[in-house]
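Structure record follows, encoded as structure tokens.
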Amino acid sequence: MPNRSEFLTATGAAAAAPAAILDRGVKPVVIASSNGNRFKNGGTQTAVERAFVGITRGDDVLDALIAGVNIVELDPLDDSVGYGGLPNADGVVQLDASCMHGPKHRAGAVGALEGVRTPSLVAKAVMEQTDHVLLVGRGAQEFARDVGFTTEPDLNTAHSRALWLEWKRRTDPDHYLDPAKRALVGARAGESMIRDGLVDVAHYWGTINCDGINARGDLCGVTTTSGLAWKIPGRVGDSPIIGAGLYVDNEVGAAGSTGRGEANLYGVNSMFIVERMRAGRHPKDAAMDALRRVRSQTIERRLLNSRGNPRFGLQFYALDKRGRFAGVSLYRVGEGYALCDENGPRSVAFDHLLEGAPFD
Ligand code: ASP
């Protein structure tokens, strides 16, 4: 890990950072889900680092954050976001994304978008080039093509396709021959793939949320995902829903989510977290309030584990107007959330609400 001056020099942020950091007393910072600080594709910069460098050299905060998450979207080895994301039940990759620009008070989003590797940029185009906030499905793809995005027939990689085929074998062994002849249905087949180490729980659900603030206190956020693996075609999760998978109020803070979208959609918790921060809560306390609320709202037996706790993972990320931040998770997760500030990119342990694991 480089020290502060090594990081600032190496990233070229050295000239911009000291003045930028002192301006109005807000220290620029970027936070993201764990994959925001992962190198998978031989790259030299992680998403949070790319975003922080952009912010400290004076780029628009949202442009900088989106340039960061583009690294993950384009990474064929990250099977939770963008190109190579795990497909739906038909084997088709459908992507969701949203973005919010605090100072401009604008938002854009796409749902169930096929064929574009960087849905976050299409969400930004919706925000900037239309009178709308959310475009979905074929209309979103046609819009993307019309404004100049390359569309392609299939965003699967060999890896995501192979995992989908394995899921088909487990759910439909009469037609997709499975040597073990295990007949498992729906979500349980997905869980069995997690248990067998074929799919990381963080990728069964899996997303990148990235939020940042510059020295002027301008806040923006972006959330982008391939959504729940093997979902019903057309299913849209929380990521592109303003208030659920992302919410930014430039006067207060930003919040976003990863994990089981259905649990978050019910309570539109990103907005809830921002409202808790508006009421004076520290980002950590505000985000923990949201987790407690999700837990208490989860009462269906099929969604509970043997201890009566939620049988899924959910994480929230929160950043306030003063640059204070937090990452919280229903359960302890091995890899911390991603952070980049003047001391460089690193992972920070989540604060978690519940002991054990979701499927225990
Ligand atoms: N929240 C996303 C969804 O439900 C997935 C995830 O973050 O893992 O689509």
Side-chain angles (χ1 to χ4, degrees), residues 31-36 38 47 69 72-73 78-82 84-89 92-99 109-114 119-120 123 134 136-137 140 155 160 163 186-187 190-191 193-194 199-211 221-247 255-273 287 290-291 294 297-298 303 310-318 327-331 333-335 337-338 350 358-359:
I31 59 168
S33 42
S34 311
N35 44 0
R38 237 181 248 150
V69 301
V72 185
E73 290 176 322
D78 187 307
D79 57 17
S80 72
V81 177
L86 294 179
N88 67 18
V92 176
V93 180
Q94 289 187 328
L95 305 173
D96 298 338
S98 61
C99 64
V110 288
L113 171 66
E114 297 176 16
S120 63
L134 173 62
V136 302
L155 294 183
S160 63
L163 286 172
E191 286 178 21
M193 291 182 65
I194 295 167
V199 181
D200 186 333
V201 67
H203 288 205
Y204 180 56
W205 298 283
T207 295
I208 181 164
N209 163 250
C210 188
D211 310 290
V222 57
T223 302
T224 174
T225 188
S226 53
L228 176 67
W230 342 124
K231 58 195 173 185
I232 293 176
R235 177 265 191 189
V236 169
D238 58 335
S239 306
I241 304 302
I242 302 301
L246 180 69
Y247 197 69
S257 67
T258 59
R260 181 179 153 82
E262 283 72 8
N264 183 31
L265 276 165
Y266 185 78
V268 282
N269 287 293
S270 289
M271 185 172 184
F272 174 78
I273 291 166
L291 285 180
V294 168
Q297 288 172 342
T298 304
L303 296 173
R311 187 185 182 80
F312 51 81
L314 188 60
Q315 294 79 35
F316 292 117
Y317 312 87
V328 304
S329 176
L330 265 181
Y331 292 96
V333 277
E335 200 176 0
Y337 64 99
F350 283 97
F359 301 140

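Computed from heavy atoms alone, side chains included, the values below leave out hydrogens, waters and symmetry copies. Read the numbers this way: they start at 1 and go in the same order the structure lists the ligands and their atoms. Counting begins at 1 with the first residue of the sequence.
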Does Gly237, backbone or side chain, put an N or O under 3.5 Å from an N or O of ligand 1? no
Does some side-chain heavy atom of Ser34 sit less than 4.5 Å from a side-chain heavy atom of Phe350? yes
What part of Arg235, side chain, backbone, both or neither, has a heavy atom within less than 4.0 angstrom of ligand 1? side chain
May I ask you to list the atoms of ligand 1 that are less than 4.0 angstrom from any heavy atom of Thr258? 7 (O)
How about Gln315 and Ser33: does a side-chain donor come under 3.5 Å of a side-chain acceptor? no
I need the contact type for Asn264 against ligand 1. Using non-hydrogen atoms and a strict under-4.0 Å cut-off, is it side chain, backbone, both or neither? neither
May I ask you to test the Cys210-Tyr317 pair for a side-chain heavy-atom distance under 4.5 Å? no
Atoms of ligand 1 less than 4.0 Å from Gly227 heavy atoms? 9 (O)
Does ligand 1 have a heavy atom under 4.0 Å from the side chain of Ser80, from its backbone, from both, or from neither? neither
Ligand-side contact atoms (ligand 1) for residue partner Asp238, heavy atom cut-off under 4.0 Å: 1 (N), 2 (C), 3 (C), 4 (O)
Under 4.5 Å between any side-chain heavy atoms of Tyr247 and Ile273, yes or no? no
For Glu262 and Lys231, what are the C-alpha separation, side-chain angles and deciding distance, and is it a salt bridge (charged side-chain N to carboxylate O under 4.0 Å, His left out)? CA-CA 12 Å; Glu262 283 72 8; Lys231 58 195 173 185; over 6 Å; no
Tyr266 side chain reached by Thr298 side chain, heavy atoms, under 4.5 Å: no
Is there a side-chain contact between Pro87 and Val92, using heavy atoms and a 4.5 Å cut-off? no
Within the 4.0 Å heavy-atom shell around Leu228, which atoms of ligand 1 are there? 9 (O)
Ligand-residue contact atoms, ligand 1 with Ser239, heavy atoms, under 4.0 Å: 1 (N), 2 (C)
